[in-house]
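To start, the structure under review is shown below, and the notes come after it.
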Number of protein chains: 2
Amino acid sequence: MLDNILFFAILVKKGTKSVKIVTDTMNNKKVPESAISRLFVYLRELIELAKVGIHNISSAELGERVNQSDAQVRKDLGHFGQFGVSGAGYNIEELKSALEKILGKDKAWNVAVVGAGHLGSALLTYPGFEAHGLKVAAAFDSDARKIGRELGDITIQPIDDMAKAIKAKNISIGIIAVPAKIAQEVADKLISAGIGCILNFAPAGLTVPENVKLKDVDLSRELETLSYFLANKKSV
Amino acid sequence: MLDNILFFAILVKKGTKSVKIVTDTMNNKKVPESAISRLFVYLRELIELAKVGIHNISSAELGERVNQSDAQVRKDLGHFGQFGVSGAGYNIEELKSALEKILGKDKAWNVAVVGAGHLGSALLTYPGFEAHGLKVAAAFDSDARKIGRELGDITIQPIDDMAKAIKAKNISIGIIAVPAKIAQEVADKLISAGIGCILNFAPAGLTVPENVKLKDVDLSRELETLSYFLANKKSV
DNA sequence: GTATGTGAAGTAATTCACAGCT
DNA sequence: AGCTGTGAATTACTTCACATAC
């Protein structure tokens with residue numbers, strides 16, 4: 001049994017002006033981030049369907065299964081091309097591999113975790129990354145006592161080695177799990193080391209250049225939102 | 001040090017049609033959920049500012065600090081009333097207490113955790129709830145071996161006792177941390193026990209009546225989205 | 001007949017811009 | 001002069017509806 005466990009939560013930060021995401025596709029139209037998120041849901045459903053041995057599905061059926069309208073399904077797919085057959089629907093195998101390609105699930109990405117406190121340690125040993133094509137390849141901390149320690153199968157390195165290690169190991173995702181005060185500093189270091197994508201667990205509003213994808217993670221806001229809905233619930 | 005840690009992530013599920021949120025205010029206008037989420041950020045910033053001894057702030061300054069436009073700040077506040085002074089800005093203490101009231105942070109809510117596996121256990125011992133006015137008041141599991149076990153200061157009860165306990169302890173938030181297959185079943189039980197608000201950690205599309213607030217939590221989708229952005233990044 | 005793909009219509013959220021208050 | 005509060009304009013996302021393809 002686990003004795004000490006931590007949990008955290010992701011919140012898609014919507015208003016960050018410093019982040020303009022490169023979501024253009026084939027024909028230069030912007031794809032809503034929500035659409036991409038739904039594509040992953042379609043993909044998962046398709047994988048399930050494939051397992052069951054079904055080979056074909058209509059947008060209406062697929063939508064039904066994931067609580068979306070048929071039009072939404074078609075529009076979402078439409079951002080990336082034409083995958084269906086008029087009158088017949090979509091071939092599940094084909095659509096599945098098309099989505100895997102579009103969504104980058106056919107590739108693996110190296111991840112660096114910065115900060116080896118509770119949360120950082122959690123991330124280092126979190127088993128879910130691999131299933132999503134992510135490989136934790138390095139961990140950093142500024143605390144001398146933590147450096148050299150092994151967690152999972154990687155060794156914690158000093159933050160000053162970050163730039164070198166990130167380039168050497170071809171790491172493209174940085175996860176920030178440090179206190180809020182130094183989060184921006186860490187972000188800057190990651191960015192100057194050439195990282196493309198930051199998952200930020202610190203409750204701090206980070207500023208990043210437009211070509212870096214920032215995703216903020218904030219359990220507190222989610223929990224808090226719950227209290228709002230309770231406080232303002234109309235007793236129907 | 002922690003040996004075993006888990007982490008999870010919240011994703012605001014946007015397309016769920018079954019969930020129509022009661023976000024009406026004073027004058028019956030709908031308030032975007034994103035606005036509410038931002039209000040919490042403003043509130044946190046105000047608390048910081050109050051600590052530093054600042055008493056007044058303009059929408060532009062506040063916005064600056066949290067990466068929002070001045071107009072956004074004013075619009076968000078405008079949904080709930082008029083808190084500012086023309087030409088002078090907002091009194092920090094006043095705005096702080098107004099927001100605390102609006103957002104329900106002045107109340108405490110009882111929470112039930114269903115499912116005492118890794119994630120459920122994590123939640124039971126997660127120290128962050130209290131800071132947000134949430135109190136874990138009960139935990140349930142269907143596994144006979146887990147029943148009776150103590151985690152933190154609460155005892156795991158059989159799922160069949162749920163309805164009783166929820167009413168007895170005046171619990172208004174249910175957290176679902178069970179496998180996807182039984183998530184809907186658990187949700188139905190929670191709802192019929194009169195729960196108002198569900199935080200769902202199972203990767204399952206739950207259906208709930210309109211008067212129940214459902215919030216889905218899904219680390220996978222967040223992680224996945226990262227790969228998409230890497231896969232489709234324009235190298236600029 | 002059946003289901004796609006896609007402009008057009010509709011709905012929602014954000015940003016603009018300025019009248020009016022202090 | 002400075003800043004709020006708020007309609008109007010803009011931008012973004014979703015739903016409709018139908019011409020088109022099988």
Side-chain angles (χ1 to χ4, degrees), chain A residues 12-21 23-39 41-42 54-92 94-95 98, chain B residues 12-21 23-39 41-42 55-64 66-92 94-95 98:
Chain A
V12 182
K13 186 175 185 182
K14 292 174 86 174
T16 314
K17 279 174 303 175
S18 51
V19 185
K20 277 274 151 51
I21 302 148
T23 347
D24 306 1
T25 55
M26 5 172 32
N27 24 18
N28 256 49
K29 298 259 166 63
K30 287 266 163 40
V31 181
E33 193 161 338
S34 49
I36 292 156
S37 183
R38 284 190 299 268
L39 289 180
V41 177
Y42 304 153
I54 304 175
H55 299 293
N56 216 70
I57 195 164
S58 68
S59 57
E61 277 178 86
L62 180 54
E64 169 95 11
R65 284 168 172 278
V66 298
N67 281 317
Q68 298 295 335
S69 70
D70 56 333
Q72 185 74 78
V73 172
R74 291 198 301 278
K75 254 287 193 284
D76 289 343
L77 296 174
H79 288 121
F80 296 92
Q82 305 183 177
F83 307 99
V85 180
S86 295
Y90 301 86
N91 176 282
I92 287 182
E94 267 174 40
L95 186 54
Chain B
V12 181
K13 187 175 184 180
K14 292 174 89 173
T16 315
K17 280 175 299 176
S18 51
V19 184
K20 276 274 152 49
I21 300 149
T23 348
D24 305 3
T25 55
M26 6 172 33
N27 24 18
N28 256 51
K29 299 261 166 62
K30 290 266 165 42
V31 181
E33 193 160 338
S34 48
I36 292 155
S37 182
R38 284 189 300 267
L39 289 179
V41 177
Y42 305 153
H55 299 294
N56 216 71
I57 195 164
S58 68
S59 57
E61 277 178 84
L62 180 54
E64 169 96 10
V66 299
N67 281 318
Q68 297 295 333
S69 70
D70 57 331
Q72 185 75 77
V73 172
R74 292 198 301 278
K75 253 290 194 288
D76 289 344
L77 296 174
H79 289 121
F80 296 92
Q82 306 182 178
F83 307 100
V85 180
S86 295
Y90 301 86
N91 175 282
I92 288 182
E94 267 175 39
L95 186 53

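These numbers come from the heavy atoms of this one structure, side chains and all, not from hydrogens, waters or symmetry mates. The structure displayed is predicted, hence computed values, not measured ones. Chain letters run A, B, ... following the sequence lines, proteins first, then strands; residues in each count from 1.
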So does [X] get a side-chain nitrogen or oxygen closer than 4.0 Å to the phosphate oxygens (OP1/OP2) of [N]?
{"X": "A:Arg74", "N": "D:dT14", "answer": "no"}
{"X": "B:Ser59", "N": "D:dC3", "answer": "no"}
{"X": "A:Ser34", "N": "D:dA12", "answer": "no"}
{"X": "A:Gln82", "N": "C:dT4", "answer": "no"}

First of B:Lys75 and A:Asp76 reached from the 5' end of DNA chain D, by closest nucleotide: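 Closest to the 5' end, via its nearest nucleotide, is B:Lys75.
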
Over all atoms of both residues, closest heavy-atom pair of B:Gly63 and B:Val73: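 Result for this residue pair: CA-CG2, 3.7 Å.
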
A:Asn56 side chain to A:Ala88 backbone, donor-acceptor under 3.5 Å: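 Yes; at least one donor-acceptor contact below 3.5 Å.
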
Salt bridge (Lys or Arg N to Asp or Glu O under 4.0 Å) pairs, two or more places apart, involving residues 80-90 of chain A: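 Every pair satisfying salt bridge (Lys or Arg N to Asp or Glu O under 4.0 Å) with a residue in residues 80-90 of chain A: there are none.
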
To the nearest 0.5 Å, how far apart are [atom1] in [X] and [atom2] in [Y]?
{"X": "B:Ile36", "Y": "B:Asp76", "atom1": "CD1", "atom2": "CG", "value": "9.5 Å"}
{"X": "B:Gln72", "Y": "B:Asn67", "atom1": "CD", "atom2": "CG", "value": "12.0 Å"}
{"X": "A:Tyr90", "Y": "A:Arg74", "atom1": "OH", "atom2": "CZ", "value": "6.5 Å"}
{"X": "A:Leu77", "Y": "A:Tyr42", "atom1": "CG", "atom2": "OH", "value": "6.5 Å"}

Residues within residues 83-92 of chain B bordering DNA chain D, heavy-atom distance below 4.0 Å: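 Output list: B:Phe83, B:Gly84, B:Val85, B:Ser86, B:Gly87, B:Ala88, B:Gly89, B:Tyr90.
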
From C:dA3, C:dA13, D:dT4, nucleotide with atom closest to B:Pro32 side chain: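 Nearest listed nucleotide: C:dA13.
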
Between [X] ([atom1]) and [N] ([atom2]), how many Å, whole number?
{"X": "B:Gln72", "N": "D:dT4", "atom1": "CD", "atom2": "C1'", "value": "16 Å"}
{"X": "A:Asn56", "N": "C:dA3", "atom1": "CG", "atom2": "C1'", "value": "11 Å"}
{"X": "B:Leu77", "N": "C:dT14", "atom1": "CG", "atom2": "P", "value": "14 Å"}
{"X": "B:His79", "N": "D:dG7", "atom1": "NE2", "atom2": "P", "value": "12 Å"}
{"X": "B:Glu33", "N": "C:dT14", "atom1": "CD", "atom2": "C1'", "value": "17 Å"}
{"X": "B:Ile36", "N": "C:dT14", "atom1": "CD1", "atom2": "P", "value": "11 Å"}
{"X": "B:Arg38", "N": "C:dT15", "atom1": "CZ", "atom2": "C1'", "value": "12 Å"}
{"X": "B:Asn67", "N": "C:dT14", "atom1": "CG", "atom2": "C1'", "value": "16 Å"}

